[in-house]
Amino acid sequence: MQLIVATRNTHKTREIEQILGSGLAVRDLTAHPEISEITESGMSFEENAKLKAIAVSKKLPDLVIADDSGLEVEALGGAPGIHSARYAGANASDKEKIAKLLRQLAKVDAKSDRRRARFRCVLAVARDGQILATVEGVVKGKIAERLCGLHGFGYDPIFIPDGFEETFAELPEELKNNISHRAKAIRKLQAQLLALCREV
Ligand code: IMP
C-alpha cells in the first residue's frame with residue numbers, strides 16, 4: 001500500500017520516508033503534475049496541513065499525509081512561522097530566506113538568549129477528503145550566528161537543536177531524523193498509519 005505525501009518538496013518526502021522506515025511505499029506529488037499547486041490559505045500550521053491533505057485525497061485514491069512546518073524565532077515574534085517557505089518571496093532560495101532571517105534578527109539586537117527558536121511540524125492524514133488524524137511535533141533550539149553545514153534543506157544551516165553545538169545541516173541526516181519536529185510528529189502517528197495502510 002502506498003502513502004502519498006502532499007508535497008513537491010522532495011527533501012520532506014525523503015525525511016518522512018526515512019523516519020517511517022520500511023513497510024510503506026512513500027510517494028509524493030512529483031509523480032502527479034496534474035494536481036495543481038494548493039494555496040496555503042490557512043492561519044495556522046494545522047489549517048494548512050489539513051487543507052493540503054483534504055485537497056490531495058479528493059484527487060487520489062491513496063492514503064495522503066500532508067506536512068506543514070516552519071521555523072518560529074522568539075525575537076521575531078514567532079516569524080517566519082507559517083510563512084517560512086515564502087519568507088523572502090515566492091521564488092527565493094533557501095540562502096535568501098536565511099539571509100533575510102539573519103538580517104531581521106540583527107535589527108532586533110538578538111542577544112544569545114533571544115536567538116531561541118523552534119521548528120514546528122503538523123501532519124494531517126486524510127482519505128477521500130476526510131481527515132483521519134492530525135499530530136504535531138516541535139524541536140527547540142537556537143539560531144546560529146552564521147550558516148554551517150550542507151545536509152538537509154531550508155533553515156537547517158542556521159538551526160542548532162538543544163543539546164548540540166552543530167546545526168541540523170552539520171549533523172548526520174539520521175540524527176536529524178531521530179530528533180526533529182518531523183520525527184516527533186511521525187512517531188505519534190506511526191502505528192495508526194501502518195494500521196490504516198493495512199486496511200486498504
Ligand atoms: P511548507 O510546510 O511547505 O509551508 O514549507 C515549510 C518551510 O519551512 C520549508 O520550505 C522550509 O523553509 C522550512 N522548514 C520546514 N521544515 C524544515 C526542516 O526540517 N528544516 C529546515 N527548514 C524547514
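Residue numbers count from 1 along this sequence. Both backbone and side-chain heavy atoms feed into the values below; hydrogens, waters and symmetry mates do not. We count ligands from 1, going down the list as the structure has it; atoms in each ligand are counted the same way.
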What is the ring orientation for Phe168 with Phe159, classed by angle as parallel under 30°, tilted 30 to 60°, or perpendicular over 60°?
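Correct class here is tilted.
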
Quick check: do Arg27 and His32 have side-chain heavy atoms less than 4.5 Å from each other?
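A side-chain contact is absent here, since even the closest heavy-atom pair is not under 4.5 Å.
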
Compile the protein residues with any heavy atom at a distance under 4.0 Å from an atom of ligand 1; present them by chain, then by number.
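Residue list for ligand 1: Lys12, Glu40, Lys52, Asp67, Asp68, Ser69, Gly70, Ser84, Ala85, Lys97, Phe119, Phe153, Gly154, Tyr155, Asp156, Lys176, His181, Arg182.
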
Donor-acceptor pairs under 3.5 angstrom involving side-chain atoms of residues 76-91: please list them, not counting sequence neighbours.
from: Ser84; atom 1: OG; to: Leu71; atom 2: N; distance (Å): 3.0
from: Ser84; atom 1: OG; to: Gly81; atom 2: O; distance (Å): 2.6

Among all residues two or more places apart in sequence or in another chain, which pass the ring-ring contact (aromatic ring centres under 6.0 Å, His included) test with Phe45?
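ring-ring contact (aromatic ring centres under 6.0 Å, His included) list for Phe45, sorted by chain: empty.
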
Going by the rule side chain to side chain donor-acceptor pair (under 3.5 Å), which residues pair with Glu136 if we only count those two or more places apart in sequence or in a different chain?
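Once residues adjacent in sequence are excluded, the partners of Glu136 under the side chain to side chain donor-acceptor pair (under 3.5 Å) criterion are Arg120.
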
Ignoring hydrogens and angles, tell me if any N or O in the side chain of Arg115 forms a donor-acceptor pair with the backbone of Ile143 under 3.5 Å.
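Indeed, once roles are kept as given, a pair shorter than 3.5 Å links the two residues.
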
